[in-house]
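Take a look at the structure below.
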Amino acid sequence: MITFFEKSKIFHLETKHTSYVIKLWQGEYPMHVYWGKHVRGGALDWYIESPYRRRERITNARAGTPQFTKEYWPFEYPCYGTSDFRPPAFRSCDENGREVLNPRYASYRILEGKPSLDGLPHVYTEDGDAVQTLEIELVDELSGLRIFLVYNVFEKYDVITRHTRFQGGGGVQNLEIACSMSLDFKQSPKQMLQLSGTALRERHIIRRTLEQGTMSIESTRGISSHQQNPFVALVNDDTTEEQGDAYGINLVYSSSFLASVHLDMYKSARVQIGVNPLNFGWKLGEGEIFTTPEAVLVYSDRGLGEMSRRFHRIYRDRLCRGSYRDKERPVLLNTWEASYFDINYDTVMQYARQAKDLGIELVVVDDGWFGHRDGEDSSLGDWEVNELKFPGGFKRLAEELKEMGLGLGIWVEPEMVSPDSELYRRHPDWCVHIEGYIRTEWRNQLVLDLSRKEVADYVLEQLIHLLDSAEISYVKWDCNRRLTECGSEALGRERQREFHHRYMLGLYYILENLNRRFPNMLFENCASGGGRFDPGMLYYFPQTWASDNSDGYARLKIQYGTSLCYPNVAITAHISDVPNAQLGRTTSLEFREHVCEGFNLGYELNLMHLSEKEKESTKAFISRYHEMSELVRTGDFYRLKSPFKSEEAAWMLLAEDGSKLAVWYFKGQAVGEEAYFGLKLAGLDAEADYVCLEDGRVYGGDTLMNAGLNIPWDGKDYFSCMWRFERQ
Ligand code: DGJ
């Protein structure tokens, strides 16, 4: 619910458990007052005056007067070039090179529902959702530039989304910085949490203590990146999984971004997230509009665990789309780690027969099926099936798989072009490049300039043609390089800085049209593993390949970290062969099964390598997975032990209605003669009893949460176990 208190000029944005409060200070500037646990509207008048006193004494000023020193005030959307010396939320330069603006409050409106963000991925609403929108309009009188601060309140989900819309005034404005959101905490949380790493080590959790100055994370690569995820959380030093403040902010965007926390001289924090200014600029003519990507804000007073569960619920229900949003995802076999480029009809059919026998439902033909692609160095762009490898094309393959009761999935990398391809020979100018400069090849490939409408349309048509050519039910969309030497022939001299964002808009355009055209297709996102695991992509792909690192032990950290804001069903986890292809490590099949079981399950190995015993256990495991797939799709995730703290990890999934749960425990490397303690569960009903399906014993909810489960650890490396319970 959104309420405006006329007398105190306060906006109160309320979700079920949280409040977000903005005050129009002296009727002119929207100030940030509060974000946190729900407070009653009536108490607000008192609350907001008190923390300002110290600063009022210092400035003794009225808004808009020369004495008004902005750096003492907590703004909702601070501008550049004034007496606020902290990082601005936006900066714009007019035709005369002037960068000073003074946008002041002009109007507000409160709408039922949420207008969509054209061309950009966003959290959406469905009929019956209790969602309201607040738009606060600011106007710079001199230039006529208008800025709309947009807030959407998702009451039931305890989520607020924010973005900013700029509308050009009289002359031309060149936007240089345009954050999606900015927020000043008067009392800053003490720490910042981020998800960082690199390829094969995605989304490891890093927690840093905030100090005076700026701490930031960013991507400049044209993809959201393996290195930093567009997510930050602010927490206190005593915030744990189950208690304490956690403020999570996630950007619904898949390109270069910047997220920063600036701690000022009073230890007030300014948090910002948005498109990375390093790769950004936008020319705004009279009446023209620029809309920033959306940021998703989640506060929890019950620790990081509840923050994650709030992200998970809204992402599952109101960010992911397509018919698979609400459907069980098929257990698939991907050919990559089994065959790499050495793939053909016979191999696929051989795998398929074995897969069918084990209960697998879909076979994905990964890289190597098109053009003359026998390695990394050719054919991207030529999306024609190689008939020598697949006689009869995908049509025949799909039909034969269908007869066996299996679906066909394919791999594509449509943003790319190999210099050795028909497409490149026809259109050497279609790749991202700057004439006269080197065209850096990365994995022997270049990127198509999707900021050009004709190129984006061509890619879209090729894909529609391909997906119409056979009964294909799954697409893995890969992206194996970053943007370099950026520029576009389609953009004039003054618009070259728009390239990065326009590239992403071109990609979103293709993805939107594909989603509309193929609503029943299961689209999976991949970028050299998890290089573009972000909410922007979740809007088009309800699942993402978390990492090219499929080692069970390494996956503990990757999946644990990813779960901080992304739901289990969106995180694909494949059981691969041992010794592991990336790390050479050997873990038991059971360990690898347990690692993948609480997530979106797949296989990525040569099934012929499984022993008869392993085939039997795989069959049993897949049928057990089907029984609990509802839990993976809709259950609440509790992280019980962090692999970032010790060699142990544990997590559990609890059904929404509390009737069922599954718990997994992992021990990594053994040291010898270690003590271990009971594994305490969370989120249960203390009064209820739960029967364990593994041993038939009945446990009290209070016992499970306070005394915990006994771990039957055998003292060896890479041990794991799992329990299922039903409430009695
Ligand atoms: C990178 C992906 O992450 C892998 O899973 C695989 O699809 C290869 N590309 C294929 O080239």
Side-chain angles (χ1 to χ4, degrees), residues 197-203 221 223-227 229 254 332-344 347-348 351 362-383 385-386 389 408-421 441-447 463 466 472 474-482 522-534 537 541 543-552 554-555 558-559 562 570-577 580-583 596 599-606:
T198 183
L200 305 186
R201 184 164 40 83
E202 292 92 336
R203 290 169 299 285
R221 297 165 189 260
I223 58 169
S224 49
S225 88
H226 302 84
Q227 284 70 13
N229 198 260
S254 316
L332 59 81
L333 171 74
N334 180 296
T335 57
W336 181 243
E337 281 198 29
S339 297
Y340 298 100
F341 292 100
D342 189 13
I343 188 79
N344 58 40
T347 327
V348 172
Y351 291 158
L362 183 108
V363 177
V364 180
V365 181
D366 207 284
D367 205 343
W369 57 262
F370 53 95
H372 58 278
R373 181 128 168 127
D374 300 320
E376 292 181 350
D377 53 0
S378 84
S379 305
L380 295 170
D382 300 344
W383 300 108
V385 183
N386 181 328
K389 293 183 183 178
L408 170 65
I410 60 163
W411 174 98
V412 286
E413 197 180 359
E415 294 158 76
M416 304 298 157
V417 62
S418 306
D420 177 8
S421 67
E441 289 177 26
W442 185 314
R443 210 192 190 210
N444 309 298
Q445 63 199 55
L446 298 162
V447 186
L463 287 165
L466 173 66
I472 295 166
Y474 162 107
V475 171
K476 175 180 174 187
W477 182 297
D478 206 347
C479 164
N480 286 301
R481 64 156 291 174
R482 327 296 165 238
L522 177 55
F523 289 105
E524 177 160 340
N525 163 42
C526 169
S528 313
R532 215 160 44 181
F533 204 135
D534 59 65
M537 284 288 137
F541 302 87
Q543 57 192 56
T544 293
W545 178 225
S547 175
D548 265 354
N549 188 343
S550 63
D551 171 69
R555 273 287 181 137
I558 294 170
Q559 291 170 198
T562 306
I571 303 172
T572 54
H574 294 178
I575 294 175
S576 63
D577 215 342
N580 176 261
Q582 296 81 36
L583 307 188
C596 298
F599 296 83
N600 188 326
L601 177 69
Y603 284 79
E604 192 154 335
L605 77 176
N606 188 338

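What you are looking at is a predicted structure, and each value in this text was computed from that prediction instead of being measured. Start at 1 and go down the list; that is how both ligands and their atoms are numbered.
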Output the list of atoms in ligand 1 that are nearer than 4.0 Å to some heavy atom of [X], sorted by atom number.
X	result
Cys526	2 (C), 3 (O)
Gly529	3 (O)
Arg443	9 (N), 10 (C), 11 (O)

In the protein, what heavy atom is nearest to [atom], and what distance, to one decimal place, separates them?
atom	result
atom 4 (C) of ligand 1	Asp548 OD1, 3.4 Å
atom 6 (C) of ligand 1	Asp366 OD1, 3.5 Å
atom 11 (O) of ligand 1	Asp367 OD2, 2.6 Å
atom 5 (O) of ligand 1	Lys476 NZ, 2.8 Å
atom 2 (C) of ligand 1	Asp478 OD2, 3.2 Å

Just by distance, with hydrogens left out, do [X] and [Y] show a side-chain donor and acceptor under 3.5 Å apart?
X	Y	value
Asp342	Ser339	no
Asp478	Asn480	yes
Ser528	Asp548	no

Suppose we screen for side chain to side chain contact (heavy atoms under 4.5 Å, CB included). Which residues come up paired with Thr562, at least two apart in sequence or across chains?
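Arg203, Phe533, Ile558, Tyr566, Ile571.
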Tell me, do Trp369 and Val385 make a side-chain contact under 4.5 Å, heavy atoms counted?
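In short, these two side chains touch, coming nearer than 4.5 Å.
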If the threshold is 4.0 Å, N to carboxylate O, is there a salt bridge linking Glu604 and Lys476?
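The answer is no: the pair does not qualify as a salt bridge.
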Below 3.5 angstrom, do we get any N/O pair linking Arg373 and ligand 1?
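Among all N and O atoms of Arg373, none is under 3.5 Å from an N or O of ligand 1.
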For the side-chain hydrogen bond (donor to acceptor under 3.5 Å, both in side chains) test, which of Asn525, Asp534, Asn600, Thr572 pairs with Thr544?
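The residue from Asn525, Asp534, Asn600, Thr572 that satisfies side-chain hydrogen bond (donor to acceptor under 3.5 Å, both in side chains) with Thr544 turns out to be Asn525.
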Of the side chain and backbone of Asn480, name the one, both, or neither that has a heavy atom under 4.0 Å from an atom of ligand 1.
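It is the side chain that touches ligand 1; the backbone stays farther off.
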